[in-house]
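Just so we're on the same page: letters track the sequence lines, and every chain starts at 1.
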Amino acid sequence: MSDQKRLFLVDAYALIFRGYYAFIKNPRINSKGVDTSAIMGFMNSLLDVIKRERPDHLAVCFDKGGSADRVEMFEAYKANRDATPEAIKIAVPYIQDILKAMHIPIMVKEGFEADDVIGTLSKQAEKEGYKTFMVTPDKDFAQLVSENIFMYRPVFGGGYETWGIPEVQKKFEVTDPLQVIDFLGMMGDSSDNIPGLPGVGEKTAKKFLAQYGSMENLLANTHELKGKMKEKIEAAKELGMLSKKLATIMLDVPVEFHAENFEMSHPDIPKVTEIFQELEFRRLIDNFTKAFSVEATAETATQETSSEAKATPQETKSAGAGQFSLFGADPSSSKEAEPVSEFTRKTTKTSSHFYQSVASGMATKLFVKNLMNQTSVCFDTETTSLNPLVAELVGIAFSWEVGKGFYLPFPENREEAQELIEQLRPFFESENIEKIGQNLKYDIKVLAKYNIDVKGKFFDTMLAHYLINPDMRHSMDVLAETYLNYTPIPIEALIGKKGKNQGNMRDVPLEKQTEYAVEDADITLQLKEHFEKELGEANTQKLFDDIEIPLLRVLAAMELEGINLDKDFLNSLSEQLTIDIKALETIIYTEAGEEFNIASPKQLGDILFDKMKLVDKPKKTKTGQYATSEDILSYLAKDHEIIQHILDFRGLSKLKSTYVDALPNQVEPSTGRVHTDYMQTVAATGRLSSNNPNLQNIPIRTERGRQVRKAFIPRNEDYTLLAADYSQIELRIIAALSKEETMIEAFKNGEDIHASTASKVFNVPLEAVTREQRGNAKTVNFGIIYGVSAFGLSNQTDLSRGEAKELIDTYYETYPKLRAYMSELVDFARDNGYVQTVLGRRRYLKDINSRNAVVRGAAERNAVNAPIQGSAADIIKIAMINIYNKLEAGNYKTKMLLQVHDELVFDVYKPELKDMKTLIKTEMENAFTLDVPLDVEVGVGADWLEAH
DNA sequence: AGAAAGGCATA
DNA sequence: GTATGCCTTTCTG
C-alpha cells in the first residue's frame, strides 16, 4: 500500500487563516513592524506536512476571484465574512513567492474556489491510481472522501488526523461521505454563509440524516414532521435545496492532473533562505532544511489509515476533546491561540536535562555553598496561591546552567519553612549575585512575607519582552514557544483545570514538582540569554535598566503596603444606595407599565423601543440589539421622564456593584487593607494598569460617585493622605515636543491653558472668555491628544459638525507647529513602523500603511497618542523610582500607595508632612526636563477625596 | 463554568 | 477619537 503514489493537495487559505488565528493573541511582528503571523503559521504547517509525510506529489491551491457560480446562486454567499485581516492580505504574495522558490506548484483557477480545484484534481488523480490527501481543517471536504481520497486535518494541540471513509461515517453519522453535503446543507455554515434550514443545527441535522438519508428525501416527507419544525421547514424547501447546492464542491473545474507537474523537486535553497531572512524567520530556516533533508524518516499517513480504521494516536487524543471536534478546529470559528506545529516543538520529554531535588539537610548545605559561588542565578518560587499575600512556599527552583537545575521543597510547617529560607537568605540578599526570573515582582512579594529582601541585580524576562515587543503577551508559555520552540509542562497537568476543584501545588508528588519548577527556571534562564542580546538595540536597554527593573521593586512595595479602607462608611453608602435604587425601580416599572430587568440592555431596549416606541428608528448595536448606551439615552432624556430615571438607576447600580459593595470584599483579611496588583506589561503605551481591584478607576466625576473616595483613608491617626497630581502633563508634553511656542509660553506663564486656548481660537481677551468657550477649548485640547475628528468633537460638545470642524481648523491655525508635529509622527510611523516616547519606548504600528482607511486612521491616531501617553507614563515612572529611593534612604515612615497615571497617593506620617510636600513635588516636577515646566498640585486630607 | 456582549468607571 | 478593568446579562458547551 505504501508503494502507491501519493498526492498532497494543500488548501492554502484555510491554512493561512488557521495560522493567523493561531497567533492572534500574540501576533508575530518583525522589526519592520510587519505582521508575519499568517505567513509563519502557513509555512509551519506546510513544512510540517512535508517533513512528516515526504509526499512525492504536492500542490498548493488558492482561490481566485471567488466563485462566480455560487454568488449567482445566492448573492449573500460568503458576504458576511469579516474583511480579510491585513496580515493575511500581505501574506499571500509572500507565500506564493516562497512556494515558487521551493518549486512547489501553485494551483489557481480564476473564478473557482480552492475547494473546487482540490475536488476536481483529487478525483482525476484517483482515476490514475493515486492516493490523495487533502490538507485542510475545513470539514466541507469530508464529502470528497473515498477509498483513495483522504482528509489530512491539523488538529488542536498539534498533530494530524487522517479521515478516510470510516472516520467520516463516524464523525458525521452518515453511511456515505456524499451525505456530508446534505448535512452541511441542513445545518448551514455561518462562515460560508450557507443559510441551512431554519431551526436545524448539528444535532437535528444528524437526526434527519439517520431518518431520511438526504435533503431531497427529507423535503419530500415533511408531512411526517410536527409542530413548529414542520412549518419552518416546509416554508424553507427552496432554501434547503439552495443550501445543498452551495455546500457542494464542484468537480468539473477546467484543470488537469498531470503527475509530472506535481512532482516534488529540489527547492531553490538560497532563495527561500533569503525570503525567510527578510521576514526574520530564524527558526523556520531550520525547519525548512530539515523538511527537505533526505535523512529524516517519515511516518506516513497511509500507515495510519489502515482499512480497519483503528483509532490512531491522534484520534485518541482528539476524542477526549469532545466527540465532535469539527467545529473546534475550524479556523474561522477558532479564536484560541493554538500552536500550529506543536509537534515540532521540544518538550521536557524530548530535551535532555538534569533536574534534581535537594531534600536532605546535608544536601541543602552543599547546595547553598554551590549557589553562593554563582554570579547569576535564575529562580522561581512554587506556592500555594497566586495571591502572594497568602501564598506559602512549596518549593524554590534554581538554575544557572541551561538544561540543569535544582529544586528545594519546603516543609508545610511555617517555622521549619522559615528555617530553610534562612539558609537561603545569604543568596537572596547578596548584592553580588544577579537574580533572574519571570515576573520577579511576584517572587519578591512572596519572599517578603518570609522577611527576605531580595537584592542584587535583577533580570526579569517578562519585562524584557514587554520592551522588545509590547503588543505580544508575555506569559512564560508563550515566550518559550516563540523563542525556544519549547512547550513547557502545563500547570493543569499538575493541579488540574482552573476552577473550584483546582488542586494545590502542595499535593503534587515531589518528582513532578521538581520537573515542573526546575523546567520553569531553566526556560527562564534560556529566555534571558535570548533577550539580553535583543535589549541591546536602541534605548531599550536603558529603559530596562533605569526604568522597568527599578520600578518592579517600587511596585512590589506599594502592593505589599496596600491602602486602608473604611468599610463601615462603604456599608452605610450601600444601604442608602439600595433604598434609592429600589425607589427608582418602582418609578421605572410604573412608567414602563410592567416589571423587567432594567440592568439587561436587551430587555430594556425591547421595552423602550418595541413597547413604548420612544423613537422612530432606534439605533442598533452590531449584534442587532437596540443600543441603550449612555450617550444614546442622554439624547432622549429631555423628552421622556423614564430615560433620566434609567440613567440614574444605571449610575447608582454601577456605583454599588463595582465599588461600594465590591471593595470591602477585596480587603485582605491578613492585613486589613486593599492590595491592588499593578500590571507592568499589559498597556501597549507603557502605562501601568491596576487590577484586583482596579484602583485606577475610582469615581470622581459625579458627586455621588466621588463619595467612594472618602472610604480610602490613612492607616491610623498618625498618618494623613497626600495626593500629588501632574497638571496637564500630556498637553505639556505635546507642546514641548512640537515646540509650539504659543502654547509653551502659556505654560511658562502659568496661565490657565484652556482659557488661554479659548482666548486665542475665539479671538477674545483672556478676561472675556466665557465658560462655554473655555469648555469647548478644553474639549479640543484633550481631543488633540487622541486625534480628534470633527464628528467626535461635535458629539462631545454643543457644536454642530460644521462648527466643530471650524473650531479644529482655527485651533490648528493658532497652533501650527502642533499640527506639523502630528503629521511628523505619522510620517515617522510610516517609514519606521513604530513611534516612540521621550525615553525611546517603542510602539509598533503594523496597520500604519494599511489600504483600509478605517484601519489606517486608527493606526494614525495611535501614532499621535502613543508617544504622548507613553511619555507621560515614562515620566511618572521616573518620579516613582526617585521618590521611593529617597523615602528608603531617608528612613521615612511615609509610604507611596497608589499610582493613577498622572497622580501618586501617599500615606504620610504626620511629622514628615512638611518634608514630604516638598520632596514629592520636587521629585515629580524634576523627573524629566522638557521645554515646558512640569507642574504638580499637592493636596492633603483625612481621605482620598479631601486630599484632592 | 466560561465566553461574549453591552455598558461604564478612570486618566 | 487614546489607554485600561470589571460589572451584569445572556449564550453556549
Winner on side-chain proximity to Q625(A), out of dG6(B), dA3(C), dT4(C), is dG6(B)
Salt bridge D874(A)-R841(A), side-chain N to carboxylate O under 4.0 Å: yes
Among the nucleotides dT10(C), dA11(B), dT4(C), whichever has the atom closest to the side chain of S600(A) is dT10(C)
Within residues 775-808 of chain A, the residues having a heavy atom closer than 4.0 Å to DNA chain B are none
Establish whether the base of dT4(C) is bridged to the side chain of Q696(A) by a donor-acceptor pair shorter than 3.5 Å.
no
Y626(A) OH to dG7(B) P, in whole Å, measures 14 Å
* Asked: With a 4.0 Å cut-off on heavy atoms, is A858(A) in touch with a base, just the backbone sugar-phosphate, or nothing at all?
  -> nothing
Please determine whether a side-chain nitrogen of the Lys or Arg among E946(A) and R709(A) lies less than 4.0 Å from a carboxylate oxygen of the Asp or Glu.
no
_Can a donor-acceptor pair be found, under 3.5 Å and without considering hydrogens, that links the side chain of N691(A) to the backbone of P693(A)?_
no
Among the nucleotides dG7(B), dT2(C), dA3(C), whichever has the atom closest to the side chain of T685(A) is dA3(C)
Rounded to whole Å, CG of N862(A) lies from C1' of dT2(C) at a distance of 7 Å
Under 4.0 Å between any heavy atoms, over every strand shown, what does R843(A) touch: base, sugar-phosphate, or nothing? Just pick one.
-> sugar-phosphate
Picking from dT4(C), dA5(B), dT10(B), the nucleotide nearest the side-chain atoms of V682(A) would be dT4(C)
| message | Over all strands shown, is I698(A) touching base, sugar-phosphate only, or nothing at heavy-atom distances under 4.0 angstrom? | response | sugar-phosphate
On a heavy-atom basis, the closest approach of I876(A) and E903(A) is CD1-N, 3.7 Å
From CD of Q707(A) across to C1' of dA9(B) the rounded distance in Å is 16 Å
Problem set entry | Touch class at under 4.0 angstrom, heavy-atom based, for R687(A) against every strand present | base
Rounded to whole Å, CG of D631(A) lies from C1' of dG6(B) at a distance of 12 Å
I734(A) atom CD1 is separated from dA3(C) atom P, nearest whole Å, by 15 Å
Could you verify whether a donor N or O on one side chain and an acceptor N or O on the other, from Q869(A) and H901(A), lie under 3.5 Å apart?
-> no
Distance check: side-chain N/O of T658(A) vs OP1/OP2 of dC6(C), anything under 4.0 Å?
no
Open item on the list: Using a strict threshold of under 4.0 Å (side-chain N to carboxylate O), is an ion pair present between K877(A) and E548(A)?
Closed with: yes
Item to check | dA9(B) base / R701(A) side chain donor-acceptor hit below 3.5 Å | outcome: no
Between CD of Q869(A) and P of dG1(C) the distance, given in whole Å, is 17 Å
Closest of dC11(C), dT10(B), dT4(C) to the A684(A) side chain is dT4(C)
Has Y626(A) got a side-chain atom pairing as donor or acceptor with I607(A)'s backbone, closer than 3.5 angstrom? no
Per atom distances to the M679(A) side chain, the nearest of dT2(C), dG5(C), dT10(C) is dG5(C)
N865(A) CG to dT4(C) C1', in whole Å, measures 12 Å
When rounded to the nearest 0.5 Å, the distance separating CG of N571(A) from CG of D566(A) is 9.0 Å
### Query
Does the ring centre of F782(A) sit less than 6.0 Å away from the ring centre of Y786(A)?
no
Which of dC7(C), dA11(B), dA3(C) is nearest the side chain of V900(A)? It is dA11(B)
Checking dG7(B), dT4(C), dT10(B) against the side chain of S629(A) (C-beta onward), the nearest is dG7(B)
| query | Contact class for N694(A) (heavy atom, under 4.0 Å): base, sugar-phosphate, or nothing? | reply | sugar-phosphate
| message | For a quick check of understanding: with a heavy-atom distance under 4.0 Å over all strands, which category does S653(A) fall into, base, sugar-phosphate or nothing? | response | nothing
Ranking dG7(B), dG5(C), dT10(B) by distance to the side chain of S689(A), first place goes to dG5(C)
Ranking dA9(B), dG6(B), dT10(B) by distance to the side chain of Y659(A), first place goes to dA9(B)
In whole angstroms, the gap separating P of dT4(C) from CG of D902(A) amounts to 16 Å
When only distance counts, do a donor and an acceptor, one from the side chain of K654(A) and one from the base of dC8(B), lie under 3.5 Å apart?
yes
